[in-house]
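Here is the structure we will look at, set down as structure tokens.
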Amino acid sequence: MTTVTVRVPAKVNLQLAVGPVRDDGYHDLVNIFHAVSLFDEVTAEPAADGVFGVAVTGTGAEHVPDDQDNLAVRAAKELAKAPGAPSGVRLAIRKAIPVAGGMAGGSADAAAALVACDRLWGIGMSRDGLAEIAARVGSDVPFALLGGTAVGTGRGERLTPAVAAGPFHWVFALADGGLSTAAVYAECDRLRAAHEEVVAWPQVDEALMAALRSGDAVALGGRLTNDLQPAALALRPSLDRTLTAGREHGALGSLVSGSGPTCAFLAADAENADDLAVALRDAGVCREAVRAEGPVPGATLLG
Ligand code: C5P
């Protein structure tokens, strides 16, 4: 076998309920993940033992580390600890998921690297085994393996698949520059402390789950929530205009995606999504507006 290519989707959070900060610095979450049809591709090619190389191309590639800090390389190195695994790979990442955009692009690349290296090295690890390694690499990596729609608890790494009728039609307003996930969580803590907020234990929104099951986009649009949104807006006030423009142009719901700065808008159907993307571009409130559908499968071997 010479090369293995894996396609992996971005995610949007339909509900992101952030609980109290834990002793390890992470937050307990209820994180309803939804995989959408914006894909990165990761190709793995054999390399000599101990060689872990990476090259990144595509949108925003210049902002992705091309050394051992790359999340996909870290994932490959974790998998290489498996007994009997040959260790050495060259990874080629083709980016379409916005970098540092709150859509788990780095986590997606890590998940794709796990699937690609597992095949390249002939390990044949179970999906549960890969998910365990994924959780060590990052909180959102297990979901990128699984795809679809799922409820994440703990740091977001403990997943229960959810039934979602779909397809749901989304528009994503991409921003210039990214936001650091850690910085957004820290800002969330700071705002909560400043307002002396009592932080509740996160709970699944059952009305949102019902809307997902029945495929009711209007009901789903009304239930989208993200506890990180005030923090993302505090760090990037211009996102308020983006969210307002989406609502004014008929979005059924709008929110900052994860830690931002990408904004997500739910549309009634494909035609409405097209119109909304055009309106957002024309309003000049984003770098680019792209359409996507969800749910879609997680990291998938292409060959
Ligand atoms: O797990 P991951 O490395 O993707 O998380 C990035 C950062 O996001 C963490 O270092 C932490 O600051 C923050 N985070 C958090 N609580 C979570 C998940 C992430 O505080 N449940």
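Ligands are counted one by one from 1 in listed order, and the atoms in each one are counted from 1 as well. Note that this is a predicted model, so its numbers are computed, not measured.
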Does Val256 reach the side chain of Thr262, with side-chain heavy atoms less than 4.5 Å apart? no
Closest protein heavy atom to atom 5 (O) of ligand 1, given as residue, atom name and distance to 0.1 Å: Tyr26 CE2, 4.0 Å
Residue from Glu157, Arg158, Arg155 passing side chain to side chain donor-acceptor pair (under 3.5 Å) with Ser139: Arg155
Closest protein heavy atom (residue, atom, distance) for atom 8 (O) of ligand 1: Thr181 CG2, 3.3 Å
Do Pro98 and Thr59 have side chains that get closer than 4.5 Å, going by heavy atoms? no
Distance filter under 4.0 Å to Gly25 heavy atoms, resulting ligand 1 atoms: 20 (O)
If you define the side chain from C-beta out and look only at heavy atoms, does anything of His34 sit under 4.5 Å from Phe168? yes
Contacting atoms of ligand 1, where contact means under 4.0 angstrom from a heavy atom of Ala182: 12 (O)
Among all the protein's non-hydrogen atoms, which is closest to atom 16 (N) of ligand 1, and how far away is it? His27 N, 3.0 Å
Has Leu29 got any heavy atom lying under 4.0 angstrom from an atom of ligand 1? yes
Determine whether Cys117 and Leu91 make a side-chain contact, defined as any pair of heavy atoms from C-beta on separated by less than 4.5 Å. yes
Please determine if Arg192 and Asp227 form a salt bridge, counting it only when a charged side-chain N lies under 4.0 Å from a carboxylate O. yes
Would one find an N or O of Ser139, backbone or side chain, under 3.5 Å from an N or O of ligand 1? yes
Within reach of ligand 1, part of Tyr185 (heavy-atom separation under 4.0 Å): side chain
According to side-chain hydrogen bond (donor to acceptor under 3.5 Å, both in side chains), who are the partners of Gln68, at least two apart in sequence or on a separate chain? Lys77
So, regarding Arg155 and ligand 1 (criterion: nitrogen or oxygen to nitrogen or oxygen, under 3.5 Å), is there a contact or not? yes
